[in-house]
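In what follows, every chain begins at residue 1, and chains take the letters A, B, ... in the order their sequences are listed.
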Amino acid sequence: MSRFEPREIEPKWQSAWEEAGTFTAVRDEAKPKYYVLEMFPYPSGNLHMGHVRNYTMGDVVARYKASKGFSVLHPMGWDAFGLPAENAAMDKNIHPGAWTYQNIESMKSQFAALGLSLDWSREFATCDPEYYGQQQSMFIDFMEKGLVYRKNAVVNWDPVDMTVLANEQVEDGKGWRSGAPVERRELTQWFFKISDFSEELLEALDGLDNWPDKVKLMQRNWIGKSRGLQFAFSTIDAPEGFDRIEVYTTRPDTLNGASFVGISPDHPLAKALEKDNPELAAFCAECRKMGTSEEEMEKAEKKGFDTGLRVRHPFDTAWELPIYVANFILMDYGTGAIFGCPAHDQRDFEFATKYDLPINAVFTETDAEDAPLAEAFVPAKTEAVKFVRGFAGEDVQTGEQAIDAAVDFCESNGIGQGVTKFRLRDWGLSRQRYWGCPIPVIHCDDCGVVAEKKENLPVKLPDDVNFDKPGNPLDRHPTWRNCECPKCGKPALRETDTMDTFVDSSWYFARFTSPGCATPTDATEAEYWMNVDQYIGGVEHAILHLLYSRFFARAMQICGHLPPKAVEPFDALFTQGMVTHEIYQTRDENNRPVYHLPTDVEDGKLKATGEAVEIIPSAKMSKSKKNVVDPVSIVSTYGADTARWFVLSDSPPERDVEWTAAGAEASYKHLSRVWRVANDIATAEGEGTGDDDLLRAMHKAIHDVTMGIESFGFNTSVAKLYGYANALQKSKAGAATKRQAMMVMAQLMSPMTPHLSEEIWALLGGEGLIANAPWPIADEAMLVEDTVTMPIQINGKRKSEVSIPKDMPKEEVEKLALADDAVVKALNGGAPKKLIVVPGRIINVVI
RNA sequence: GCCCGCGUGGUGGAAUGGUAGACACAGGGGACUUAAAAUCCCUAGGCAGGAAUGCCGUGCCGGUUCGAAUCCGGCCGCGGGUACCA
């Protein structure tokens with residue numbers, strides 16, 4: 001008998017599929033289509049276990065759906081723009097494009113070895129001018145439809161490297177390379193008007209029945225629709241033009257608990273006051289040293305500066321409140337000014353305690369007295385509370401009722417207006433970097449900002465750039481900026497900002513439907529292939545990537561690039577868990593962290609130098625932390641089928657998995673065993689016993705494995721296949737039955753271990769490729785059990801069991817249960833308090 | 001900080017209101033073998049016990065229910081996101 005040799009059989013079947021064009025997607029109007037897509041990878045150069053897991057899952061779905069008679073589209077491409085290529089350019093003196101395309105080539109060969117059912121004829125990289133040219137064309141369409149605009153926004157500025165930093169490049173408020181304290185700098189930037197779609201993006205979530213609830217919830221919270229009151233405090237002796245301060249609050253019912261007004265350091269009033277107040281100016285400067293990330297802002301110690309100015313409370317002109325400039329108030333949200341109610345907001349509470357401001361409860365628990373608070377009292381808005389400083393509505397009411405009553409009161413008394421606001425901000429897409437899609441606009445002294453002519457697209461990146469100093473090479477390129485104004489023909493300058501890489505990944509799924517098309521999409525192809533029936537990717541993309549893609553689908557539809565049905569481009573979403581791994585870290589001479597690949601570490605020490613590494617517990621595998629594992633070695637040792645089987649077994653797909661080398665061996669052993677059993681069966685002859693049992697096991701396996709795949713429970717499908725393999729191996733059934741059972745096993749395994757399955761299929765005389773064979777169907781009649789074992793509980797604890805015919809009437813089951821030895825003993829002659837019989841499941845005797 | 005998840009034997013996990021630990025890994029014992037590898041068989045949550053069996057047990061505390069890993073409330077720990085990592 002031949003050995004199980006993945007190295008021989010895997011390339012053989014990969015060639016067979018390629019020659020037959022098995023995975024080339026064909027638009028066939030006679031067949032139902034199925035578009036399965038995994039989030040495309042960043043071409044780091046190395047496939048890691050997260051990729052293997054992600055793409056194997058998609059492959060299982062793609063192969064399964066093909067065998068169910070669908071015309072399957074399963075494409076692959078590269079999310080190829082981004083920071084790492086520029087970092088490589090600086091570190092290794094290699095052009096970002098060369099680095100990226102080299103990585104694509106090497107990753108593609110690693111992909112090939114996995115035997116994925118991908119249609120490579122549709123491959124593209126987002127850094128291909130053919131792709132980003134179409135993106136530029138759409139940007140111009142978006143401009144025409146008013147979906148793009150410019151405004152000022154702050155960035156992290158490294159004053160030493162003279163460059164803009166990503167949030168990731170800021171460590172402890174310092175630039176990662178220069179170590180210089182980062183400053184906030186305001187630049188004119190490009191924005192997409194995603195906020196025009198806030199309401200729609202929110203409401204449409206309700207229709208996404210096949211998205212995980214957690215993702216929809218995260219998006220809902222991110223969009224952050226709130227109803228509140230906008231009103232103005234009148235100021236006392238404020239500089240000219242600041243007679244009033246507009247504030248927005250979601251808790252107008254707590255107005256009588258107000259003890260201060262807070263404004264952002266970027267608020268116009270703060271800017272006006274700091275001119276004549278050096279101390280305030282110093283405070284604002286301090287605030288502006290903070291990075292731009294929300295996380296950093298919120299985690300920082302809450303600080304304020306008393307401007308000395310006062311406002312009058314809208315209900316009582318004698319009641320004055322101080323105005324503080326506070327570091328935790330965002331200019332981007334609401335009006336950049338708030339009133340603080342320390343009794344019912346923990347952040348305000350801490351602020352008031354620190355600056356010795358009054359803390360007056362507006363409401364208490366319904367049965368509590370109005371006593372001093374040790375912390376803010378923040379009940380759910382749906383909970384009824386007793387108002388002790390209320391001004392509208394009942395004394396006892398819920399927060400929701402009180403807010404509505406407060407808004408009504410303020411509106412009818414001319415104090416303010418009820419307004420709806422969204423937390424979602426417009427999408428800033430400008431990046432001051434080289435390796436991205438150039439924004440196709442031109443700055444003309446006479447005509448202003450003008451879109452490039454479409455016939456001049458793509459606006460290609462220049463190749464002759466260098467990275468010997470930080471900053472944007474496009475900015476300092478000697479000639480690239482020079483061009484003619486598309487409107488008046490005079491000399492003008494190109495925009496040097498490039499686009500956020502999220503733009504690239506917001507429409508690639510649409511491009512896959514017609515990747516060579518001279519327009520962004522082809523209407524016929526998009527109509528046939530859209531939407532993505534199953535999208536699979538990491539939960540880390542739950543908000544930004546998916547929200548941006550939903551926006552893009554709408555914008556593309558407005559511009560005629562997608563059919564109306566594609567406004568929600570992903571019918572079903574599955575978020576796989578991450579593959580995690582320990583991080584190995586040392587420190588450089590400046591005490592900054594240096595990360596090391598697992599392959600460079602042995603027994604907690606660097607192989608090269610013996611230096612001890614600090615081990616940081618499991619975290620998401622990331623290129624920057626270098627805690628990645630190379631699956632190529634597993635594939636070359638055990639074969640792709642083993643790697644695929646391994647990543648599908650054990651861990652539920654949605655859960656994180658810690659990568660471990662143990663288990664690959666076990667997967668290999670199992671596949672070898674299946675191979676051996678198949679070979680035994682291939683040469684077996686004659687009759688046997690227990691054919692019916694084996695057939696029942698077969699139909700059960702068909703049913704269970706199919707259910708597992710349908711419900712994304714691949715690990716349970718694998719477990720059922722282990723059980724079925726055990727049953728088949730032990731079976732004494734006749735040769736014909738065993739052959740049939742083994743061929744079904746090969747089919748059930750084929751989405752997971754396609755090479756081995758083809759080999760067994762061919763060995764046992766299967767017709768054609770197993771990849772083209774129709775999925776087996778379970779015979780329902782073979783799934784029914786005649787008798788069932790019912791556990792008997794006494795007071796909810798299992799004490800006994802009884803075997804009964806499946807359809808025994810409830811009364812007889814009750815009789816049998818009461819006659820059970822354990823029950824008789826426990827009852828001790830008495831009668832049960834209650835007797836619960838759940839047919840087919842359980843009997844519970846309550847004593 | 002805020003939003004969203006997750007937590008079950010030595011390990012990965014199964015069970016999503018009904019027999020907790022399926023299926024595997026590592027472990028222990030045995031068969032085959034001159035021996036080893038490979039393979040096959042048995043065993044296996046913890047504690048007590050010779051066994052029958054009993055008690056405990058799904059991060060912690062409390063609640064709902066005839067019955068809770070599962071539902072609810074409060075904590076603890078870990079992870080993801082936090083708008084320029086992708």
Side-chain angles (χ1 to χ4, degrees), chain A residues 39 41-42 44 79 81-84 155-156 164-170 194 212-215 217-222 224 292-300 302 328 332 346-347 423-433 500-502 504-505 538-545 547-548 575 577-578 580 617-620 622-625 649-652 654-658 660 662-663 665-667 669-670 672-673 676 713 715-716 718-723 726 729 789-801 832-836 838 840-847:
Chain A
M39 291 179 185
Y42 180 83
S44 62
D79 187 14
F81 276 134
L83 275 182
V155 293
N156 299 306
V164 176
L165 297 178
N167 286 336
E168 190 190 48
Q169 297 171 319
V170 179
I194 189 172
D213 287 337
K214 63 176 174 186
V215 172
L217 189 54
M218 281 189 263
Q219 293 217 352
R220 264 185 208 109
N221 291 338
W222 185 262
T292 56
S293 76
E294 182 196 301
E295 183 189 1
E296 200 182 333
M297 304 268 289
E298 289 284 338
K299 275 185 176 166
K302 310 295 178 286
F328 57 88
D332 286 337
Q346 189 58 30
R347 195 170 59 181
R423 203 186 78 100
L424 180 64
R425 309 200 296 258
D426 277 331
W427 173 7
L429 67 114
S430 284
R431 297 293 180 271
Q432 294 72 37
R433 302 189 201 294
D500 178 8
T501 57
F502 273 124
D504 312 335
S505 56
V539 70
E540 67 271 25
H541 295 293
I543 297 174
L544 294 180
H545 162 60
L547 192 63
Y548 290 155
T575 54
M578 283 165 297
T580 61
S618 276
K620 168 189 158 184
S622 87
K623 293 163 284 287
S624 58
K625 299 282 162 61
S649 41
D650 291 349
S651 276
E654 68 279 10
R655 201 149 8 153
D656 290 354
V657 60
E658 167 95 25
T660 149
E665 182 73 31
S667 295
K669 279 185 188 173
H670 176 72
S672 303
R673 178 168 67 127
R676 220 168 32 245
N715 56 323
T716 57
V718 167
K720 298 294 180 188
L721 282 165
Y722 270 108
N726 292 339
Q729 188 175 19
T789 303
M790 295 263 285
I792 300 176
Q793 294 181 335
I794 294 170
N795 290 340
K797 293 204 171 196
R798 185 190 163 280
K799 295 287 172 182
S800 182
E801 61 182 32
K833 259 194 213 155
K834 206 167 178 180
L835 186 56
I836 291 145
V838 183
R841 302 237 67 152
I842 204 143
I843 302 160
N844 191 9
V845 185
V846 185
I847 294 168

Practice task
Report the nucleotide, chosen from B:rA86, B:rA83, B:rG1, that has the shortest atom-to-atom distance to any side-chain atom of A:L83.
Solution key: B:rA86
Problem - Euclidean distance, atom CD1 of residue A:I847 to atom C1' of B:rG67 [Å, nearest integer] - result: 14 Å
Exercise for the section: Check every strand shown and say whether A:V164 touches a base, only sugar-phosphate, or nothing at a heavy-atom separation below 4.0 Å. Expected result: base
Handout entry: Under 3.5 Å: donor-acceptor pair, side chain of A:Q169, backbone of A:A166
Key = yes
Problem - Inter-nucleotide P distance (B:rC23, B:rC42), Å rounded - result: 12 Å
Problem - Interatomic distance where CZ belongs to A:R347 and P belongs to B:rG1 [whole Å] - result: 13 Å
Problem - Main-chain N/O of A:P832 paired to A:K834 side chain as donor or acceptor, under 3.5 Å - result: no
Handout entry: C1' spacing across the pair B:rA69 / B:rG21, given as an integer number of angstrom
Key = 11 Å
Problem - Side-chain heavy-atom pair A:L835, A:I843 within 4.5 angstrom cut-off - result: yes
Problem - Nearest-angstrom distance, P atom, B:rC56 to B:rC4 - result: 37 Å
What's touching nucleotides 16-22 of chain B from the protein side, N or O pairs under 3.5 Å?
unit_1	atom_1	unit_2	atom_2	d
B:rG18	N2	A:Q793	OE1	3.4
B:rG18	N2	A:N844	ND2	3.4
B:rU19	O2	A:R798	NE	2.9

Exercise for the section: Describe the nucleic acid contact of A:R220 in one word from base, sugar-phosphate, nothing, applying a heavy-atom distance below 4.0 Å. Expected result: nothing
Exercise for the section: Give a yes/no on whether any side-chain N or O of A:K299 is located under 4.0 angstrom from OP1 or OP2 of B:rG1. Expected result: no
Practice task
For B:rG17 and B:rU64, measure between their C1' atoms and round to the nearest Å.
Solution key: 12 Å
Handout entry: Backbone of A:A542 reached by a side-chain donor or acceptor of A:Q219 within 3.5 Å
Key = yes
Fill in the blank from the handout: Taking B:rU82, B:rA83, B:rC4 as options, the one with an atom nearest any side-chain atom of A:L217 is B:rC4
Practice task
Identify whether any heavy atom of A:F502 sits under 4.0 Å from a base atom; if not, whether one sits that close to sugar-phosphate; answer base, sugar-phosphate or nothing.
Solution key: base
Fill in the blank from the handout: The salt bridge (Lys or Arg N to Asp or Glu O under 4.0 Å) partners of A:R673 (sequence neighbours excluded) come to none
Exercise for the section: Could you tell me whether a side-chain N or O of A:N167 sits under 3.5 Å from a main-chain N or O of A:T292, the two making a donor and an acceptor? Expected result: no
Exercise for the section: For A:G428, report the nucleic acid contact type (base, sugar-phosphate, nothing); a contact means any heavy atom under 4.0 Å. Expected result: sugar-phosphate
Practice task
Pick base, sugar-phosphate or nothing for A:A542, based on heavy-atom distances below 4.0 Å to the nucleic acid.
Solution key: nothing
Exercise for the section: Give one of base, sugar-phosphate or nothing for A:P41, where a contact means two heavy atoms less than 4.0 Å apart. Expected result: nothing
Fill in the blank from the handout: The glycosidic conformation of B:rG9, counting syn as within 90° of 0 and anti otherwise, is syn
Handout entry: P spacing across the pair B:rG45 / B:rA52, given as an integer number of angstrom
Key = 13 Å
Handout entry: Out of B:rA24, B:rG12, B:rA86, whichever nucleotide has its closest atom nearest the side chain of A:S651
Key = B:rG12
Exercise for the section: Just jot down the side chain to side chain donor-acceptor pair (under 3.5 Å) partners of A:S800, sequence neighbours excluded, or say none. Expected result: A:D820
Practice task
Mark up nucleotides 36-44 of chain B, 5' to 3', with B wherever a protein heavy atom is under 4.0 angstrom from a base atom, S wherever such an atom reaches only the sugar-phosphate, and - elsewhere.
Solution key: ---SSS---
Exercise for the section: Tell me what A:W427 touches on the nucleic acid: a base, only sugar-phosphate, or nothing, going by heavy atoms under 4.0 Å. Expected result: nothing
Handout entry: Residue met sooner reading RNA chain B from 5', once A:V215 and A:L424 are mapped to nucleotides
Key = A:V215
Exercise for the section: Return yes if a side-chain donor-acceptor contact under 3.5 Å exists between A:N715 and A:S651, otherwise no. Expected result: no
Problem - No-H, no-angle donor-acceptor pair, A:E294 side chain to B:rG1 base, under 3.5 Å - result: yes
Handout entry: Distance between P atoms of B:rG50 and B:rG73 (Å, rounded)
Key = 47 Å
Handout entry: Length of the CD1-P vector between A:I543 and B:rC84, whole Å
Key = 13 Å
Exercise for the section: Give the rounded distance in Å between these two atoms: CD of A:E654 and C1' of B:rG79. Expected result: 15 Å
Handout entry: With sequence neighbours excluded, residues passing ring pair (Phe, Tyr, Trp, His ring centres under 6.0 Å) with A:H541
Key = A:H545
Practice task
Respond yes when some side-chain nitrogen or oxygen of A:S293 is under 4.0 Å from OP1 or OP2 of B:rU82, and no when none is.
Solution key: no
Exercise for the section: Please figure out whether A:G82 or A:Y548 has its closest RNA chain B nucleotide nearer the 5' end. Expected result: A:Y548
Practice task
To the nearest Å, give me how far apart NE2 (A:H670) and P (B:rA26) are.
Solution key: 14 Å
Practice task
State plainly whether the residues A:R425 and A:E294 are in salt-bridge range, i.e. N to O under 4.0 Å.
Solution key: no
Problem - Span that lies between the P atom of B:rA14 and that of B:rU8, in whole angstrom - result: 11 Å
Practice task
Please identify each residue that fulfils side chain to side chain donor-acceptor pair (under 3.5 Å) with A:R431, with sequence neighbours left out.
Solution key: A:D500
Completion exercise
Taken to the nearest whole Å, CD/A:E540 to P/B:rG79 is 15 Å
Handout entry: Presence of A:K833 side-chain N/O under 4.0 Å of B:rG67 phosphate oxygens OP1/OP2
Key = no
Handout entry: Any N/O donor-acceptor pair, A:Q432 side-chain to B:rC84 base, under 3.5 Å
Key = yes
Completion exercise
Closest to the side chain of A:M218, out of B:rG80, B:rA86, B:rU82, is B:rG80
Practice task
Indicate whether OP1 or OP2 belonging to B:rA83 is found under 4.0 Å from a side-chain N or O atom of A:R425.
Solution key: no
Handout entry: C1'-based separation of B:rG5 from B:rC41 [nearest Å]
Key = 43 Å
Fill in the blank from the handout: The ring pair (Phe, Tyr, Trp, His ring centres under 6.0 Å) partners of A:Y548 (sequence neighbours excluded) come to A:W427, A:F502
Exercise for the section: Just jot down the side chain to side chain donor-acceptor pair (under 3.5 Å) partners of A:K669, sequence neighbours excluded, or say none. Expected result: none
Exercise for the section: Could you tell me whether the phosphate oxygens of B:rA24, OP1 or OP2, come under 4.0 Å of any side-chain nitrogen or oxygen in A:S649? Expected result: no
Handout entry: Qualifying residues under side chain to side chain donor-acceptor pair (under 3.5 Å), relative to A:D504, sequence neighbours excluded
Key = A:Q135
Problem - Nearest-Å distance for atom pair OH/P, residues A:Y42 and B:rA86 - result: 7 Å
Exercise for the section: Classify the nucleic acid contact of A:H541 as base, sugar-phosphate or nothing, counting any heavy atom under 4.0 Å across all strands shown. Expected result: base
Below 3.5 Å is the cut-off: list the nitrogen or oxygen pairs between protein and nucleotides 75-77 of chain B, distance only.
none

Handout entry: Nearest listed nucleotide, side chain of A:V155, among B:rG5, B:rC84, B:rC6
Key = B:rC84
Practice task
Report the residues that fulfil side chain to side chain contact (heavy atoms under 4.5 Å, CB included) with A:I847, sequence neighbours left out, ordered by chain and then residue number.
Solution key: A:I794, A:N795, A:A826, A:L827, A:V845
Problem - Nucleotide pairing, RNA chain B (Watson-Crick or G-U, distances under 3.5 Å), in dot-bracket with [ ] and | - result: (((((((..(((.....[....))).(((((.......))))).((((....))))..(((((..]....))))))))))))....
Problem - Gap between atoms CD and P, on A:Q169 and B:rA86 respectively (whole Å) - result: 9 Å
